[in-house]
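First the structure, in the form of structure tokens, and then the observations on it.
Reminder, nothing fancy here: chain letters follow the sequence lines and each chain counts from 1. None of these values were measured; they are calculated from a predicted model.
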Number of protein chains: 2
Amino acid sequence: MADGSTLPEQNREPALTIAQVAERTGLSPDTLRYYERAGLIDRVGRTTGNQRRYAAADLAWLEFLLRLRETGMSITDMQHFARLRADGAATVPDRLAMLRAHRSSLAERIRSLRRNATALDAKIDHYEQLLTEQPETDTPA
Amino acid sequence: MADGSTLPEQNREPALTIAQVAERTGLSPDTLRYYERAGLIDRVGRTTGNQRRYAAADLAWLEFLLRLRETGMSITDMQHFARLRADGAATVPDRLAMLRAHRSSLAERIRSLRRNATALDAKIDHYEQLLTEQPETDTPA
DNA sequence: GCTTGACTTGGAGCACACTCCAAGTTCTAC
DNA sequence: GTAGAACTTGGAGTGTGCTCCAAGTCAAGC
């Protein structure tokens with residue numbers, strides 16, 4: 001086969017190598033393999049030579065996982081979600097419940113960060129005053 | 001001495017035990033000792049029998065550290081800040097610079113979380129539609 | 001067809017931030 | 001003054017999420 005990608009059958013999809021997916025997602029190839037081993041992503045397609053080739057759907061799922069990760073979901077919870085997804089449409093209510101719970105904990109997280117940001121601003125103001133009012137004076141912090 | 005706390009000299013300050021500080025801060029006694037060993041907090045006062053007694057100022061500093069931690073500052077960076085603080089008023093500009101940098105990365109963090117929250121909302125809407133439009137139908141997720 | 005670089009696997013190792021442990025000491029209440 | 005809880009230390013162990021490694025296989029260009 002002089003055909004660039006040697007997938008067993010069908011599809012003219014992108015079929016990216018692991019290095020290409022790594023570059024697009026910011027994950028390392030090792031992390032991508034780790035996610036697959038951990039069951040976060042289904043076993044992706046392979047070439048006849050057993051090398052991974054990622055389809056567009058794999059990319060989309062990875063991007064969703066990254067969103068969950070960036071918003072603080074643990075690998076364990078993502079594994080749970082992935083398992084539900086693999087179990088098909090019947091688990092939609094469970095998945096919805098998980099997402100709603102995660103969404104609300106994210107809202108709380110954001111509120112907490114904003115409170116802390118305000119307190120940090122006050123601390124910064126304090127330091128700025130130390131600096132402008134009495135530069136080079138040995139007052140305790 | 002029938003005097004509850006047996007600090008070497010002076011002060012009628014609160015002087016809390018490690019267990020009391022643990023309860024107030026939510027940190028474990030082990031974590032408090034770890035923070036002290038790590039140089040995040042100055043060596044706190046001891047009784048004649050070598051047990052820790054925390055003063056109000058120790059509490060205030062701990063609360064500030066917790067704010068830094070909750071907003072994602074690493075132990076290493078907090079060690080750096082603590083060292084600057086121990087070095088006195090001359091390091092105020094450095095400390096201010098650290099706080100400003102941290103404040104701005106926090107702002108970016110919050111923006112990113114809000115973007116992700118919006119994307120999650122869209123995903124949740126999608127799942128809700130799956131549920132209301134075609135309940136009990138085997139459509140792929 | 002051969003080289004060079006990318007890929008494969010299972011498993012070991014790592015950084016971070018704690019958390020636990022053992023053996024001994026101190027504190028508090030009675 | 002004594003029992004029992006709380007404390008002390010140094011050091012080992014843990015969970016999470018990767019990250020690296022060795023030894024071998026595959027892919028792409030010349």
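- Separating the CZ atom of Arg53(A) from the P atom of dA6(C) is a distance of 13 Å, rounded to the nearest angstrom.
- The side chain of Thr17(A) sits closest to dC7(C) out of dT9(C), dT28(C), dC7(C).
- Ranked by how close their nearest DNA chain C nucleotide is to the 5' end, Met73(B) and Asn50(B) are led by Met73(B).
- Within the 3.5 Å criterion, the main-chain N or O of Thr91(B) finds no donor-acceptor partner in the side chain of Asp94(B).
- When side chains are defined from C-beta on, Arg43(A) counts as touching Glu36(A), because their heavy atoms get closer than 4.5 Å.
- Side-chain contact between Trp61(B) and Leu40(B): absent, with no pair of heavy atoms (C-beta onward) separated by less than 4.5 Å.
- Comparing the start and finish of the helix from dG1(C)-dC30(D) to dC30(C)-dG1(D), five pairs each, the helix axis swings through 20°, to the nearest 10 degrees.
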Can you list the steps and then say if Tyr35(A) with Thr31(A) is a side chain to side chain contact (heavy atoms under 4.5 Å, CB included)? CA-CA 6 Å; Tyr35(A) 279 9; Thr31(A) 300; 3.8 Å; yes

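- Taking only side-chain atoms of Gln51(A), from C-beta outward, the nucleotide of dT8(D), dG17(D), dC26(D) with the closest atom is dC26(D).
- Atoms CG (Asp77(A)) and C1' (dT16(D)) sit 13 Å apart, rounded to a whole Å.
- Rounded to whole Å, atom C1' of dA17(C) lies 9 Å from atom CZ of Arg69(B).
- You'll find that the side chain of Thr47(A) is closest to dA27(D), out of dA17(C), dA27(D), dT8(C).
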Yes or no on side chain to side chain contact (heavy atoms under 4.5 Å, CB included) for Leu16(A) and Arg53(A), after CA distance, side-chain angles and deciding distance? CA-CA 5 Å; Leu16(A) 303 164; Arg53(A) 288 298 180 271; over 6 Å; no

Is there a side chain to side chain contact (heavy atoms under 4.5 Å, CB included) between Tyr127(A) and Ile124(A)? Walk through the geometry before answering. CA-CA 5 Å; Tyr127(A) 270 113; Ile124(A) 287 170; 5.7 Å; no

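- If you measure from atom CD1 of Ile18(A) to atom C1' of dC20(D), you get 14 Å, rounded to the nearest angstrom.
- Spacing between atom CG of Leu16(B) and atom P of dA6(D) amounts to 16 Å, rounded to whole angstrom units.
- Just one residue in the list Arg100(B), Arg95(B), Arg103(B) forms a salt bridge (charged side-chain N to carboxylate O under 4.0 Å, His left out) with Glu128(A), and that residue is Arg100(B).
- Salt-bridge annotation for Glu63(A) and Arg69(A): absent, with no side-chain N of the basic residue lying under 4.0 Å from a carboxylate O of the acidic one.
- Not a single donor-acceptor pair under 3.5 Å links the side chain of Arg114(A) to the backbone N or O of Ile110(A).
- Contacts with DNA chain C (heavy atom under 4.0 Å) in residues 60-68 of chain A: none are found.
- Atom pair Arg46(B):CZ and dA6(D):C1' shows a separation of 15 Å (rounding to whole Å applied).
- Of all the residues in residues 23-42 of chain B, Asp30(B), Thr31(B), Tyr34(B), Tyr35(B) reach under 4.0 Å from DNA chain C with at least one non-hydrogen atom.
- Looking at the side chain of Ser74(A), the nearest of the listed nucleotides dG17(D), dC7(D), dT9(C) is dG17(D).
- Salt bridge absent: Arg67(B) and Glu70(B) never bring a charged side-chain N and a carboxylate O closer than 4.0 Å.
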Does the side chain to side chain contact (heavy atoms under 4.5 Å, CB included) test come out yes or no for Leu66(B) and Leu27(B), once each step is laid out? CA-CA 9 Å; Leu66(B) 284 185; Leu27(B) 297 169; 3.8 Å; yes

